[in-house]
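All values below come from the heavy atoms of this structure, side chains included, with hydrogens, waters and symmetry mates left out.
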Amino acid sequence: MKLSITKFGLLLIASLSIYSCGQEKWSEEDKKEFIIGCLNANQSRFSEAIAEDMCNCMLNKMIEKHPNIAESKKMKPEEIKEIAVSCWQTDDKSNDNLVVHKTKKGKVEFLLDNWTDEKQDLFDLQCTDGDANMSVFVHNSKDLKTGTTKKEVLNMYIKDIMSRRENVKMEVDVYTKKYDEQTMYQAIYTADLKTNKNLYSFNVIDFGEDTDTFIFVLFSAIPSYGFQNMQTWNDILKTAKVTK
């Protein structure tokens with residue numbers, strides 16, 4: 001997660017290179033241009049609400065540290081990282097409900113807003129926000145048959161779970177996303193379970209070469225809620241990290 005935040009901060013500073021009013025103090029136009037550049041630097045890494053909170057936080061901290069926007073562009077990467085991470089961890093009311101949820105044995109953790117753990121033995125972690133469920137299984141690449149890809153693992157989960165559903169419809173075929181060190185494989189289906197129609201977001205996250213750990217994550221909810229909250233679910237996936 002901190003990798004995403006750091007890249008967010010670095011892209012922010014790069015985006016500010018076109019703005020340099022050279023004034024002794026930050027003008028209202030400087031502040032406006034800073035926020036615009038910051039939101040553009042987000043590049044869908046976080047939801048719009050989270051990005052806006054972070055941008056305003058970073059602006060306030062930069063105003064405290066640097067007398068004008070020109071001076072802010074001289075910041076070192078370490079200073080950018082410090083500000084970006086501190087804004088993510090801010091005690092602002094919008095982040096009051098952010099809680100770290102850990103899988104069994106603490107191998108992987110997620111940062112969730114207003115989700116609660118459901119104590120079930122079947123999964124390594126299962127959470128709910130009251131309208132959707134998030135189910136997680138932790139895997140080790142060493143346990144896979146030689147040559148098995150993460151995409152094949154995802155397809156095995158899809159085949160197994162959808163074989164126990166009716167009226168199965170593929171909404172989005174398997175595709176790949178990359179976020180810093182993470183590679184995410186995702187597919188979206190709708191299907192009937194008994195008398196209820198649900199949307200299922202299937203996900204496998206590979207954390208890169210530094211670890212053999214990877215995870216399968218399934219989000220499920222009624223279709224209208226699922227489609228409405230798909231970006232929120234993807235934001236949650238971006239917060240996943242392996243713990244040591």
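Residue pairs meeting the salt bridge (Lys or Arg N to Asp or Glu O under 4.0 Å) criterion with at least one partner in residues 206-218, sequence neighbours excluded, are Lys142-Asp212, Lys150-Asp206. Counting only residues at least two apart or on different chains, no salt bridge (Lys or Arg N to Asp or Glu O under 4.0 Å) pair has a member in residues 214-224. Among residues at least two apart or in separate chains, salt bridge (Lys or Arg N to Asp or Glu O under 4.0 Å) pairs with a member in residues 99-111 are Glu109-Lys241. Contacts classified as side chain to side chain donor-acceptor pair (under 3.5 Å) and involving residues 162-172 (residues at least two apart or in different chains) are given here: Asp160-Arg164, Arg165-Tyr200, Asn167-Asp192, Glu171-Thr190.
The side chain to side chain donor-acceptor pair (under 3.5 Å) check on Lys119 picks up nothing, with sequence neighbours excluded. For Lys194, there are no salt bridge (Lys or Arg N to Asp or Glu O under 4.0 Å) partners two or more places apart in sequence or in a different chain. Remark: Glu64 engages no residue in a salt bridge (Lys or Arg N to Asp or Glu O under 4.0 Å) (not counting sequence neighbours). Legend: residues meeting salt bridge (Lys or Arg N to Asp or Glu O under 4.0 Å) with Lys177, ordered by chain and number and at least two apart, are absent. The ring pair (Phe, Tyr, Trp, His ring centres under 6.0 Å) test applied to Tyr189 returns Phe202, not counting sequence neighbours. Checked against side chain to side chain donor-acceptor pair (under 3.5 Å), Asp124 has no partners two or more places apart in sequence or in another chain. Take Lys65 and apply the salt bridge (Lys or Arg N to Asp or Glu O under 4.0 Å) test, not counting sequence neighbours, and it matches no residue.
For the residue pair Thr232 and Asp235, no side-chain donor N or O sits within less than 3.5 Å of a side-chain acceptor on the partner. Between the side chains of Asn203 and Ser201, a donor-acceptor pair is found at a separation under 3.5 Å.
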Taking only distance into account, with no hydrogens and no angle test, what donor-acceptor pairs under 3.5 Å do side-chain atoms of residues 214-225 form with protein atoms, sequence neighbours excluded?
from, atom 1, to, atom 2, distance (Å)
Tyr225, OH, Asp129, OD2, 2.6

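Between the side chain of Thr103 and the backbone N or O of Leu125 there is no donor-acceptor pair closer than 3.5 Å. With hydrogens and angles ignored, the 3.5 Å screen pairs no side-chain donor or acceptor of Asp143 with any backbone N or O of His139.
For an aromatic pair to be called close, the ring centres must be under 6.0 Å apart, and Trp26 with Phe34 satisfies this.
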For a side-chain contact (heavy atoms from CB on, under 4.5 Å) check, start with the C-alpha distance between Thr116 and Thr128, then their side-chain angles and the critical distance, and finish with the verdict.
CA-CA 6 Å; Thr116 57; Thr128 182; 3.7 Å; yes

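Nearest approach of Lys238 to Gln182, heavy atoms of both residues: O-NE2, 3.6 Å. Closest non-hydrogen pair, Trp233 versus Ala132, comes out as CZ2-CB, 3.7 Å.
The distance from the CD1 atom of Ile236 to the CG atom of Leu111 is 9.0 Å, given to the nearest 0.5 Å.
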